[in-house]
Amino acid sequence: GGSVYEATCAGLSVTSGRVSFSLGLHGPCAAVDTACSAGLAAGHTGLRSVQLNECSTSLVAAVALNLMPRMGASFGVAGMTSPRGRCHTFDARADGYVRGEACGSFVLRDASRSTQAAGSKMAMRGSVMRQDGRSASLTAPSGAAQKDLLIAAVADSGLVADSMNLNEAHGTGTALGDPIEAGSLAMGVLAARSAAAMPFALGGVKASIGHAEPAAGMTGLLKLSAGLYGCEAVANAQLRAL
């Protein structure tokens, strides 16, 4: 104990700073903590940095490690985690989530400047960040806020709802959150689609690997990317009865 590494390990700014230090990066460097959305919030920040020409390339990463057992135990006492040890996303058995670990990253570049082959990349067309504001409780989601976010995200992408055929949900596997998210998606996106639109697929990676908390959005994005590369919607684990 007492080393300089111990003194700096608690600072998230030092963690992100070490990445820039090791790789010799000079662009904006920041650690983002927005709980479960941290990976996607970092992606939003990176996208805007590229769009505003603050930098030509953004490196976005998210990491979650469960190193403190007492924290998981306290979530169980609070009734947040599943007694069955599974995230039953959109399933009638939904009774809480299970904590998971993850580490993932992606690189954002201006498509007009990228020399990468078209077949080895995909486009991030838009991004929006919002907050629930006042809701039933600190952790209870706001359906109205979610609906507005989805509408704004489609608008920011410059696309229309009919172009959206696959959605990677937050889908924690809770009896409160999942129905609210599904309802928000129905009102914000599905209601704007025409009868001629392609079938709409809905998935959630947490049912397969658990809830990676700050890295949850990153795992969802990487799973979504893998599905797009394979031109398929990955099946939903643990889904038996809606």
Side-chain angles (χ1 to χ4, degrees), residues 9-10 12 15 31-43 60-105 129-147 149-150 167-186 201-224 226-227 233-242:
C9 70
L12 295 178
T15 303
V32 178
D33 182 5
T34 58
C36 307
S37 63
L40 295 180
V60 182
V63 181
L65 296 173
N66 296 329
L67 304 177
M68 301 172 63
R70 283 187 295 179
M71 182 176 293
S74 65
F75 288 167
V77 171
M80 298 167 63
T81 51
S82 169
R84 294 188 178 95
R86 293 286 189 276
C87 292
H88 294 94
T89 303
F90 298 121
D91 188 85
R93 296 170 295 166
D95 59 358
Y97 73 90
V98 59
R99 303 184 75 202
E101 296 182 319
C103 175
S105 65
M129 283 179 61
R130 295 286 174 88
Q131 224 282 347
D132 281 325
R134 189 180 298 278
S135 58
S137 70
L138 178 65
T139 58
S142 165
Q146 288 187 11
K147 181 195 73 172
L149 178 140
L150 289 167
N167 183 83
E168 173 64 25
H170 186 47
T172 53
T174 63
L176 174 66
D178 286 9
I180 291 177
E181 184 175 9
S184 302
L185 186 64
L202 177 64
V205 72
K206 292 179 182 64
S208 298
I209 64 171
H211 187 350
E213 295 168 353
M218 180 66 70
T219 62
L221 183 61
L222 294 177
K223 177 235 179 178
L224 186 65
V234 181
N236 289 288
Q238 310 302 332
L239 183 57
R240 303 295 182 268
L242 288 173

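What you see below is based on every heavy atom in this structure, not just the backbone, and it leaves out hydrogens, waters and symmetry mates.
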- Taking all atoms of both residues into account, what is the closest heavy-atom pair of Asp95 and Arg86, and its distance? OD1-O, 4.3 Å
- Task: Over all heavy atoms of both residues, which pair between Ala31 and Leu12 is shortest? Give the atoms and the distance, please.
- Result: CB-O, 3.4 Å
- Query: Do any N or O atoms from the side chain of Asp132 and from the backbone of Arg134 form a donor-acceptor pair under 3.5 angstrom?
  - Reply: no
- Residues which pass side-chain contact (heavy atoms from CB on, under 4.5 Å) with Ala201, listed by chain and number, not counting sequence neighbours: Leu166, Ala233
- Note on the structure: One should read off an interatomic distance between Thr174 OG1 and His88 NE2, to the nearest 0.5 angstrom, of 13.0 Å
- Note on the structure: Here the gap from His170 atom NE2 to His211 atom NE2, rounded to the nearest 0.5 Å, amounts to 4.0 Å
- Task: Of all the heavy-atom pairs spanning Ala216 and Cys36, show the shortest one and how long it is.
- Result: CB-O, 3.9 Å
- Message: Which heavy atom of Ala62 sits nearest to which heavy atom of Gly39, and what is that distance?
- Response: CB-CA, 4.0 Å
- Task: Could you tell me the separation between the CG atom of Leu185 and the CD atom of Gln146, rounded to the nearest 0.5 Å?
- Result: 9.5 Å
- Task: List in chain and number order the residues that pass side-chain hydrogen bond (donor to acceptor under 3.5 Å, both in side chains) with Ser142, two or more places apart in sequence or in another chain; answer none if no residue qualifies.
- Result: none
- Message: On a heavy-atom basis, which atom in Leu176 and which in Pro179 lie closest, and how many Å separate them?
- Response: O-CD, 3.5 Å
- Query: Gln238 side chain to Asp91 main-chain N or O, any donor-acceptor pair under 3.5 Å?
  - Reply: no
- Message: When you measure from the side chain of Ser37 to the backbone of Ala41, do you find a donor-acceptor pair of N or O atoms at a distance under 3.5 Å?
- Response: no
- Interatomic distance, Arg93 atom CZ to Arg84 atom CZ [nearest 0.5 angstrom]: 6.5 Å
- Would you confirm whether Ser184, through its side chain, and Gly143, through its main-chain N or O, come within 3.5 Å as a donor-acceptor pair? yes
- Message: To the nearest 0.5 Å, what is the distance between CG on Asn66 and CD on Glu101?
- Response: 4.5 Å
- Apply side-chain hydrogen bond (donor to acceptor under 3.5 Å, both in side chains) to Glu213 and list each qualifying residue two or more places apart in sequence or on a separate chain. Tyr97, Arg99
- Let me know which of Ile180, Asp178, Thr172 forms a side-chain contact (heavy atoms from CB on, under 4.5 Å) with Pro141. Ile180
- Item | Taking every non-hydrogen atom, the tightest pair across Ala145 and Gln131 | CB-O, 3.8 Å
- Query: Measuring from Ser105:OG to Leu222:CG, what's the distance to the nearest 0.5 Å?
  - Reply: 7.5 Å
